[in-house]
Every structure is written in structure tokens, then in C-alpha cells.
Amino acid sequence: MITNGTTHVAPEIVAEFDRTLVNTAGGSVRHLVVTIRAPRQAPSADKPRTPLNLGLVIDASGSMAGKPLAATKAAALDVVAALPATDHLTLVSFADDVQLHAEALQLDAEGRATIETILRSLDTRGSTNLADGWLGGCTSVAQRQAACDVIERNQVVLLSDGHANAGETRPQMLARHASELRKRGIVTSTVGVGHNYSPTQLQAIAEAGGGRMHDAEEPGDIAQIVMAELNDTLATVVDNLELSLTLPSGTQPEPYGIAPFTPAATGYDVLMGAMLSGATRRVVIKLKLPAGEAASTLAIGLSARWTVPGDNKRYACNVAVPALRFDSGNACLAQPRDIDLAKKVVEQWVAHVYYRAMVLNQDGDGQAAMKFVVKETKYLHRYCAGVPELEEAIGGLDGFSSSVSHRYTAHTSKEMMLRAYKMGRGETSRRSRETHDFATLSAMEDAARKPPRNRRPDGDVK
Amino acid sequence: MKTDHEDASGLTLQELSTETGVEPRTIRSYVEKGVIPGPESLGRGARYPRETLDRLKVLQLLRDANRDLTLDQIRVLMQRIGASQMAAIANGTLRIGALIDTDAIGASQPSKTAALDYLRSIRGTPVGQSWKASVQSPSRDTDHLPALEKAARALATLVGQPASSRSARGETWYRIALTRDIELSVRGEFDTEQLAQLHRISDSLRTLLTKGTST
């Protein structure tokens, strides 16, 4: 239930707890489930859509040679053909250097012809200076944003197959820039191309940049995914959505999922980014609660802020959160549970475990990854005990805990992180071949690790 | 306040593990990676200084506060936090959140030049000059450091410790995919020419591995 007091486009936001009684002795863990539904808005023939000020930033490093670059160029041509003359396109490629091929070019017949000519001559070169390429594309989009009197949708789509290895490479720093640009009206989405890129940098940019990250494993998927991203962009009805959580003293929060979660003066901010017409997003936050007197209550504050595309205002509302009430340990144990809500908690929790474990695994800290999985699995088993449909959802974690101490291949790691990312956002993959589930990926990694007889030694080379 | 098992000569590995819930093996790996100092003596009864317990607790809090931080980044951050601040964070009198600032979001939308102003500030392009003519990495201006790092630097300044060079931010690995299953990882800092050479080597390796069938 929301209380925004406006007639403008507003998301429906519902906050629920899996249990509302908490132990007077302290240490209770409860899950706050926040579900956000964007309003459904059909395109109106009477109301033209917001013009697009689009930046396409293309990775032209050596590893994109051949099919990946050809498919990316074809995707760019599809974009050019699909957009009307009211839109503008910036085209940037990057490798060691950054090249600005077209700056806010109007997509009339002449503009399209120019872009086609540029794309035909685009070739690969050198290493991957992703940050400068991306920020270069943002700069051209920002220059048009500054000069233009019409309200436009300022969007950058970054396509890369690589792990940035030149210029700024730290995900935290890339996220910082993406966040600052999002606050200033430029949204970035990313498309990971190929089998072995590291999703960490692209996810950091897309999440903090208010956009989406897509995976184009096969070159043939690129055009479809870029067009889908543009359609998503144009179907955005709620933008820059942020939740602010105010917590009582002594409460320790831990968010599931990968939405950026930033400590603030009185609590935490959670960035949800853009939402499409009719879309549903969910964030689950684990709260470890303090002690309190029996029958007293614990109040959690929640508010939301967002913008609406084509509108130059910012909106906010407070969200009603059920109060938590202190009671005895026995009363807490006896309280009933909403199984449907518990399922949502478990889904996000499991995705969180896989994602976090893979971050540790790729950080070279396999032992910490294993310990983390073992610990969380123990808590999950306790949470799901006695409910077969919940227990089924955590079945793969036992096998995963035994394999995650060994470093996973870049490909399996990427696949697992992507699956967790999509689960965390409640999205489905846009690519032609769906990702395997976590248990299958983990089993495939295990099988690949066992040394088969008469097999040619290969695998990761260090 | 000292715990029952702690004496003046510090804590054993097992005691550290019990206090923090971090496995002894993981604590050893933190020592190996320089995130926490090693024991003051060697052997089975080796003891770690009391400050090690604080460092371990702060390490866990930092990881909880930002899941993207690597051990190398945590190590650099912790080098800049003084012992008194470390203890205050560890015992809960200073919240880790107090080290991390956030930007207040105004009630209205930012100006339409705000993004361009921001990009110019981090990329150093003078007003009116095309960015194309001066492509460069984001500046190292402290105004745009990650909030956590900025806070740690401010703390270090307060207690009179100079901030260490940002060039000491751990090792860098370059990863180049050779085939779907094989990747080349090389450690070090390389200039443009060296990187280009590395890519030429990778191209040759890729050709050898795929017998020229790779695109």
C-alpha cells in the first residue's frame, strides 16, 4: 500500500515480513520482502513517445574479431533501421583508444546512411579500455542532453566481450560513475558478448547505472538482445527507483539479491533502477533484530523515490511496513508462516548464496566460499524444515558446497552469476539458449574437473 | 575488555576463530595475503596481538557493507584506519555505515548540464573542448573516490596517518580468452605497447590451439 498522494505514475509497493513476532531475548532473524509492481501502460497513439538520445558503445578490442564484431555491427544497423528520425545516436568504439564515430547524429535518412558507412569500416584493434569508451559515449550523450530543450531519454548501451584491462577497471569505481550519471539523467545498460567475459564490471555499471545487464553468449543473439533492450528502454514507466530503509538501533540488515545496498545516516538505500510497464521486482532483506520488552513493537521505516520518463519531476512516497512485536521464544516458534512468502525468501536467498560464493571463488578465496555456502545451507535447511516444497528449492546447495572451494572456470562462473542476477531481478534471459540451473552448472564443473582417462589435458592455463 | 581466555600475550589462532566465527584456515589465508598481521611468535602456541581480533571483525564488517570489495581492496582500506578507529568499529561504538557517506538526493531533478559537468570533472576535459581530443582515464581526484575509501582517508588524516599511494592497490591480472575453454592470465602492469604485444602472442596461441579455425 502506498501513500504518495499524487495522480502521477506510481509503482505499487508492498512490504511484508515472513514472521512478525520476534524474540524478546534478541537475535531473531526476520525477512522483509518488498514487492514493487510498475503500472501497466499501453503505448498511446495520441501521445508520442519520449525521443531517445542513445549512445552505442562498442568494444572493438582484438578478442571481438570475427563473428562477435560482425554481429555487433549488424545489431547496430538493426537499431538504426528501427529508430525514427526524432531520435539521435552517438556511436563510440573502444580498444586501447576510444574513437567517437558519430556524435548525437539525427537518425534521418542522411544520418542512417552515415552510420551504415561508419559501421562497415569499423574493425578491431588492441586491448579493452572499457571505462574510457563508456565514459566517452556518456559524454556525447551528456553534451546533447545539455544542449537540448526537449525532454529526451538519455541512454547508453555498452557492448563488450571482455574483462576491462586498461583504464579504470575497478567495479566499485565503475559503479560509482554509473550511479553519478544515473542521478544526472543518463542510464546505462550493458550487453556481455561471448563465453568468457567477467560479468562483474558490466553488472556493476548496469546495476548502479539504473539499466539492465544482458548476456549475448552467441553472436547471433546480439541483435535480438540489443533490440529487446531498446524496447525495454522505451517501455520504462518508472525510472531511478530507490528504496530507503530506516532501521531501529541494534538491527543488522543483510540484503539478498544484488541490488546496490548503500548504508545511509539512518539506515540503508536500495537502488532498484528502471522498471518496465507491468513489471514486478522484489527485494528481500534479512534483518537480525535486537532484544525488546514483551508486547512492545519494533518499527521499520520504508520510503521510495522515483522519476517518470518524459517528466522532469521526482516523486516520493512512504510505504506501510507491518510492525514487529516482541514475544517469548515459544510464541515465536509457534507462529504460523506464509509459505508463498517463504518461497520468495528462499528463492532470493539461494540466488544470493550462489552469487556471493562465486564472487569469493573468483576472488581466489575458495575456502571462504565453501564455508559461506556450508553456513548458509545450514540456515536454509533450518528455515525450510518440514516444508517439502521449500526443501526441494535448496537441494542443489549440498553438492555445490563441496565443489566451490576449487576455482570455477570463467565460463561456469559467468553463467552462475548471470543466473543469480536474473533471479535476483526476477528477469528472464533474452538469449536464445537458456542458462542451466545452478545444480546442473555445478555438476558440469565437477565433471569437467575429474581427470578422465586418455583425455588431452586442457582447461585453464595460468 | 578482555575475555576469559585472553591473556596479556594475545590470542591463539583457535581463540581468534572462536571469537569471530572465521575458520582458522581462512585466518591463515588472510595473514598470507597481508590483510591481517601474522602471529608474534612461531609454533603451535603462536599468539596474535589483541588488535588482530579487531581487524578480523572490521574485515567482516567491510565485506558485509560492500560485497564487491576484494581482499586487496580491504587490505588497502584497513591500512588507512587507525588502531583506535579499528577498535571503535569492532566494538560497535563507531558504525561501519558512519564511514560510508551517501549523496543526499534533492527534491527536484538535477540540471540538464549536471551529467556533462560531472563527466568533465572526472575526465578533465575543459569546457567547450571535444572529449574526443583528450581521451584519458578518470582522474584520481579525491572528490570522486569511492565513499568508503574517502572516509578511510579522512579518518587517516584525523589521526595523522598519511594515506598510502593508490598505486599500492594490489596486483593486476590481465585475462585474455584464447578459446572457449582456455584463458591466458598474466600478472603485472603493462604499457600500451606491451599490451599490444601480449595480444599478438595471444593471437598466435589461439591460432595454434585452434589450428586456425578460430574467428
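Note on naming: letters A, B, ... go to the chains in the order of the sequence lines (proteins, then strands), and numbering restarts at 1 for each one.
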Of all heavy-atom pairs linking B:Leu116 and A:Ala146, the shortest is CD2-CB, 4.0 Å
Applying a strict 4.5 Å limit to non-hydrogen atoms, the region of A:Gln145 in contact with chain B is both
So NZ of A:Lys375 and CD of B:Glu23: to nearest 0.5 Å the spacing works out to 10.5 Å
Shortest non-hydrogen pair, B:Tyr118 vs A:Arg176, comes out as OH-O, 4.2 Å
Between the CG atom in B:Leu61 and the CD atom in A:Gln252, the distance rounded to the nearest 0.5 Å is 8.5 Å
Value for CD (A:Glu180) from CG (B:Leu119), rounded to nearest 0.5 Å, stands at 10.5 Å
Rounded to the nearest 0.5 angstrom, the CD-CZ distance for A:Gln367 and B:Arg28 is 11.0 Å
Sequence neighbours excluded, the answer for side-chain contact (heavy atoms from CB on, under 4.5 Å) partners of A:Ala70 is none
Between B:Ala115 and A:Ile186 the two heavy atoms that sit nearest each other are CB-CD1, 3.7 Å
